[in-house]
*Asks:* 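Quick one: structure below, then a few questions.
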There are 2 protein chains.
Amino acid sequence: MSLVLYTYWRSSAVYRVRIALNLKGLEYEVRPVHLVNDGGEHLKPAYRALSPQAQLPTLLDGDRVIRQSMAIMEYLDETRPTPPLMPAYAAGRARVRELMQAVAADIHPLGNLRVLKTIESEFGADAAAKEAWSRRWIARGFDGLEVLLAQGPAGRYSHGDTPTLADACLVPQFYNAVRWGVDLTPYPTIRRVAEACQALEAFQRAAPEAQPDAPR
Amino acid sequence: MSLVLYTYWRSSAVYRVRIALNLKGLEYEVRPVHLVNDGGEHLKPAYRALSPQAQLPTLLDGDRVIRQSMAIMEYLDETRPTPPLMPAYAAGRARVRELMQAVAADIHPLGNLRVLKTIESEFGADAAAKEAWSRRWIARGFDGLEVLLAQGPAGRYSHGDTPTLADACLVPQFYNAVRWGVDLTPYPTIRRVAEACQALEAFQRAAPEAQPDAPR
């Protein structure tokens, strides 16, 4: 069954799914949706017909439409089980999902473009205030995530010695942390894991700058 | 194995887990953690030793510590499979997870207490501005969620005729929408589903006002 991914090069949520697809060795067709040009292509009726939330990513698996990065990644792991990106036991899956949510629910939503636009329009936040806002929530989130990662089963990646969906969430957030200039000194475990991931081709090919719709 | 839930009566994330526990018919011990009194009991070392993110809920299952509401609910469904709270097929699970994330990642994080405190401290938002902020993100999120629910398989609840984890996420967010005075006229499907859920004893017993730590 053919896979199609609606994508934007710098979207953190799409970046996660690209990592999962690459780790699985799956080919997919790329359909770029520009989040800024033309008032935001994701807001147009053509894309909203696929995504009522007007959000990326959307995955087509044949005629199935799957949205929300967390749902897409679990779906891929259930329908293409090799290599597995989730542990084989319930407590391990709970830990991986905890690490995923610590990024996807506790950090990423607060730095979203729509939130930055709103603190500008409602509170007059300028560029510096928006950057400080982004840094604040990443640092606050990394404070907890660093401890969670350091406490967990020792291993090269977030959960053991093979990559999991936790790594697919961590690396895009780490990329954003670097982009916004977050001081990463207090997060040695996050740095170690992110760097181990970024040495893998699956992560490199998923990076924003490697995408066909990235600016040259 | 005995279950212990660290809880606060009005926390939306804990409310979700209470619903899931009740739908499963599971008994659990309640350990209240007050989010406001004494500067926030969740921020004290005793609770942080359990939850490095200093967030609710935390579930103890014997000596296992499970955090993050989404991870806890999936863990309960995997370890106590009857009655199931997730569909038996991958595409159905993807849809339920999409509905869960549409609340847990796209609405709830923006109305969190720590975010409201920050728009006050950083931008001088007063009580009215904080309420408008909360209403804005709930309405923005419900705009998409209404379409997702209306498009889905017809049924009494979010996904079919038995409650799922999607309902456990929807109802606490609906409760917050009512609390903040969001105009619910544009969301007939959300209202219909939330009201069907609230007619069930499992949801009623999970409601904030029914908790032992709720103010009298």
Side-chain angles (χ1 to χ4, degrees), chain A residues 13 48 51-55 59 61 64-79 89-91 93-102 104-110 112 114-115 118-119 122-125 129 132-133 136-137 140-141 143-151, chain B residues 13 48 51-55 59 61 64-79 89-91 93-102 104-110 112 114-115 118-119 122-125 129 132-133 136-137 140-141 143-151:
Chain A
R48 270 188 194 271
S51 165
Q53 293 190 281
Q55 292 180 170
L59 181 80
D61 182 12
R64 279 187 193 160
V65 184
I66 320 275
R67 293 155 299 218
Q68 288 281 352
S69 61
M70 313 298 274
I72 293 171
M73 291 192 293
E74 295 245 22
Y75 172 83
L76 287 171
D77 202 49
E78 290 178 354
T79 56
Y89 54 104
R93 284 192 294 277
R95 177 163 185 267
V96 168
R97 290 187 182 121
E98 174 186 16
L99 297 172
M100 293 168 73
Q101 293 295 328
D106 294 329
I107 305 177
H108 178 242
L110 294 161
N112 239 335
R114 61 186 188 145
V115 176
T118 302
I119 63 172
E122 296 302 305
F123 306 125
W133 172 275
R136 161 193 294 269
W137 297 114
R140 192 83 67 95
D143 288 345
L145 193 56
E146 172 67 21
V147 181
L148 290 178
L149 281 176
Q151 278 180 350
Chain B
R48 270 187 193 272
S51 165
Q53 293 191 282
Q55 292 179 170
L59 181 80
D61 182 12
R64 280 188 192 158
V65 184
I66 320 274
R67 293 154 298 218
Q68 287 281 353
S69 61
M70 313 298 275
I72 293 171
M73 291 193 292
E74 295 245 22
Y75 172 83
L76 287 171
D77 202 49
E78 290 177 355
T79 55
Y89 54 104
R93 284 192 295 277
R95 179 164 184 267
V96 167
R97 290 187 182 122
E98 175 186 15
L99 298 172
M100 293 166 74
Q101 294 293 141
D106 295 330
I107 305 177
H108 178 242
L110 295 161
N112 240 335
R114 61 186 189 146
V115 177
T118 302
I119 62 172
E122 295 303 305
F123 306 124
W133 172 274
R136 162 194 293 267
W137 297 115
R140 192 82 67 94
D143 289 345
L145 193 55
E146 171 67 22
V147 180
L148 290 178
L149 281 177
Q151 277 180 351

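In what follows, chains are A, B, ... by sequence order, proteins preceding strands, each numbered from 1.
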*Asks:* Is chain B contacted by the side chain of E146(A), its backbone, both, or neither, given a heavy-atom distance below 4.5 Å?
*Replies:* neither
*Asks:* Report the residues that fulfil side-chain contact (heavy atoms from CB on, under 4.5 Å) with A13(A), sequence neighbours left out, ordered by chain and then residue number.
*Replies:* S11(A), R16(A), P57(A), S69(A), H108(A)
*Asks:* Checking V96(A) against chain B: side chain, backbone, both or neither under 4.5 Å from a heavy atom?
*Replies:*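 Interface part for V96(A): neither.
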*Asks:* Rounded at 0.5 Å granularity, tell me how far CE in M73(B) sits from CZ in R97(A).
*Replies:* 11.0 Å
*Asks:* On a heavy-atom basis, which atom in F123(B) and which in A129(A) lie closest, and how many Å separate them?
*Replies:* CE2-CB, 4.4 Å
*Asks:* Output the option from R67(A), Q55(A), M70(A) having the highest count of non-hydrogen pairs under 4.5 Å with chain B.
*Replies:*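 Looking at each option in turn, the highest pair count goes to R67(A).
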*Asks:* For chain A, which candidate among A132(B), A54(B), A125(B), A90(B) shows the most heavy-atom pairs at distances under 4.5 Å?
*Replies:* A90(B)
*Asks:* Which region of R140(A), side chain (C-beta onward) or backbone (N, CA, C, O), has a non-hydrogen atom less than 4.5 Å from a non-hydrogen atom of chain B, or is it both or neither?
*Replies:* side chain
*Asks:* Measure the shortest side-chain to side-chain distance between L148(B) and Q53(A) over non-hydrogen atoms and say whether it is less than 4.5 angstrom.
*Replies:*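 Sidechains of Q53(A) and L148(B): in contact.
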*Asks:* Could you pull out all residues at least two apart from A150(A) that satisfy side-chain contact (heavy atoms from CB on, under 4.5 Å)?
*Replies:*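 Only T189(A) meet the side-chain contact (heavy atoms from CB on, under 4.5 Å) criterion with A150(A).
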*Asks:* At what distance, to the nearest 0.5 angstrom, does OG1 of T118(A) lie from CH2 of W133(B)?
*Replies:* 6.0 Å
*Asks:* Would you say the side chains of Q101(B) and Q101(A) form a donor-acceptor pair under 3.5 Å?
*Replies:* yes
*Asks:* If every non-hydrogen atom of A71(B) is compared with every non-hydrogen atom of A94(A), which pair is closest and at what distance?
*Replies:* CB-O, 3.5 Å
*Asks:* Rounded at 0.5 Å granularity, tell me how far CG in L110(B) sits from CG in L110(A).
*Replies:*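 The CG atom of L110(A) is 5.5 Å from CG of L110(B), to the nearest 0.5 Å.
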*Asks:* In terms of heavy-atom pairs under 4.5 Å, which option from G124(B), A91(B), G141(B), A104(B) contacts chain A the most?
*Replies:*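 Answer, by heavy-atom pair count under 4.5 Å with chain A: A91(B).
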*Asks:* Which bit of A102(A) is near chain B, if near means a heavy-atom gap under 4.5 Å: side chain, backbone, both or neither?
*Replies:*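 Both backbone and side chain of A102(A) come within 4.5 Å of chain B.
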*Asks:* Taking side chain as C-beta onward, heavy atoms only, is E122(B) less than 4.5 Å from R136(A)?
*Replies:* yes
*Asks:* Looking at E74(B) and R93(A), is any side-chain nitrogen of the basic one under 4.0 Å from a carboxylate oxygen of the acidic one?
*Replies:* no
*Asks:* Evaluate the criterion side-chain contact (heavy atoms from CB on, under 4.5 Å) for residue pair D106(B) and R114(A); output intermediate values, then yes/no.
*Replies:* CA-CA 11 Å; D106(B) 295 330; R114(A) 61 186 188 145; 4.1 Å; yes
*Asks:* Checking heavy atoms, do the side chain of E98(A), its backbone, both or neither come under 4.5 Å from chain B?
*Replies:* both
*Asks:* Hey, which of N112(A), V65(A), V115(A) has the most heavy atom pairs under 4.5 Å with chain B?
*Replies:* V115(A)
